[in-house]
Amino acid sequence: MPNLKAPPSPLPSSSPSSLTTTLTTALHIRRQNSTYRTLTIPPPDSIDFSSNDFLSLSHSPLLRTAFLSELHAHPAFPVGSGGSRLLDGNSPYAEALERSTAEFHGAEAGLLCNSGYDANVGLFGCVPQAGDVVVWDELVHASVREGMRLSRAAGRTVMFRHNDCADLRRVLTDVRGKDEKVRDGKASVFVAVEAIYSMDGDLVPLKRVVDVVDEVLPRGNGHIIVDEAHSTGVLGPLGKGLVCQEGLENRIFARLHTFGKSMACSGAIILCSPLVRSYLINYSRPVIYTTFMPFPNLAAIQASYSLLKSGEAEPLAARLHELVQILFHRLQALAAKFGGVESLQRNGLLTVPSEIPGSPVFALLTDHPRSLATHCQKAGYMVRAVVPPTVPEGTSRIRVCLHAGNNEEQIEGICSEIEKWLTSWCARLQCGEKVTPEKDRPRL
Ligand SMILES: Cc1ncc(COP(=O)(O)O)c(C=O)c1O
């Protein structure tokens, strides 16, 4: 017998649900704080000073050719994945790629993950055990924080000041002093750092971090995890990363290399011991409960690594480092025109790096990030304003990223736009105008 009862009528449109009200209010607050996020598409002809495509491989015929020949070499390739890697998503191709990538980076083992985000959430989410502690640089990526939040060590995480080894020592000493199990080597302390910090572009002083951890935790229960998202392809011999550059492969507990930046694909690999790899396969939820990358994705990773391994990407990395020097010196000259680095900084207009950054990421701090970013964008240069909570309060900036495919003319172009912008702001200041910083958002 069919159910002839009329379905309940929907709520009249004049009374929004409480969820609608909550979501609308949250977004309204964001608009008021100028923190409302929207998806944008960069104008096709704008010059890229923003993306993480550091080696400019994304549109490179080199990578496209390598990718297509990888596909042609496997004409019967499956387009789909088949499932979680634990069920039908695995393949000899994935296992071989994983092994060769780990070997390239001088690691015992590796585990491919669908993204760097998944990798960090899984690693930090499952490896620290009850009673362990995670000590983290204040600027580590959101994915590490998310992993820590989900982990059994969630209530036992301690931050140290960015790249400050004295503060790291203080924190570790404090942890050791208060916790007998840590002191006795029965509980572990994980230390989370990034090779190149994504928003500041500076490098971790890795050797010093290793020394501090070994000194304070001599029983071998200090485990360093290095996120090489931004250094993959950029630092180290053949682009192997910072850990290889420093020869610290055997002193680091785990490394993360992501493929969405210089490698111009997507996905990631966790480099670790075979034991940790097995543990992740058993306990990392983002590994277990998701469909694994399909063949075309794996082939793109293979193709991109073939360029690193063959040395074809080396001239790109070398060019990138050359451009870093050029931009640095151009910014110094620019600051000199406006009375020097300190004068600009004092007015909250612009802070340029005082040392040559070790990476292609330049953080140009300013109290007026959106104004500066918009000015550059209108002139055809794609840079973005980065504001809290992505970066700490009071450190709003534009993030200028260099790429192997940028050239001197483009660097000259963006610097002269920054100069025009500075000139107009200085004129306003000289006229006695009270220029207030763009509003930093409160944390929501
Ligand atoms: C330092 C760092 N770690 C991890 C990730 C996440 O990597 P993915 O983009 O592959 O998810 C990012 C991405 O922005 C990152 O900057």
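We count ligands from 1, going down the list as the structure has it; atoms in each ligand are counted the same way.
Cation-pi check for Arg30 over Tyr36 is not met; the charged atom does not lie both under 6.0 angstrom from the ring centroid and within 45 degrees of its normal.
The distance from the OG atom of Ser396 to the CG atom of Leu364 is 13.0 Å, given to the nearest 0.5 Å. Of the inter-residue distances, the one linking His230 atom NE2 with Asp200 atom CG reads 11.0 Å to the nearest 0.5 angstrom.
For the pair Lys261 and ligand 1, the shortest N or O to N or O distance falls below 3.5 Å. Distances between N or O atoms of Ser143 and those of ligand 1 include no value under 3.5 Å. On a distance-only criterion, Ala229 and ligand 1 share no N/O pair closer than 3.5 Å.
Closest to atom 12 (C) of ligand 1 among all protein heavy atoms lies His141 NE2, 3.3 Å. Atom 6 (C) of ligand 1 has as its closest protein heavy atom Tyr117 N, 3.4 Å. Annotation: atom 16 (O) of ligand 1 to nearest protein heavy atom, His230 CE1, 3.0 Å.
Per-residue contacts place Glu194 under 4.0 angstrom from the following atoms of ligand 1 (heavy atoms of the residue considered): 1 (C).
Relative orientation of the His223 and Phe190 rings is tilted, given thresholds of 30° and 60° on the angle between their planes. Ring geometry for Trp425 versus Trp421: interplanar angle of 30 to 60°, hence tilted.
Checked against the 6.0 Å centroid criterion, the rings of Phe362 and Phe328 do not qualify as a close aromatic pair.
Glu103 CD: 12 or fewer foreign heavy atoms inside a 6.0 Å radius.
The closest non-hydrogen atom to atom 8 (P) of ligand 1, taken over Ala119, Ser231, Gly116, comes from Gly116. Among Ile196, Val361, Asp227, the residue whose heavy atom sits closest to atom 4 (C) of ligand 1 is Asp227.
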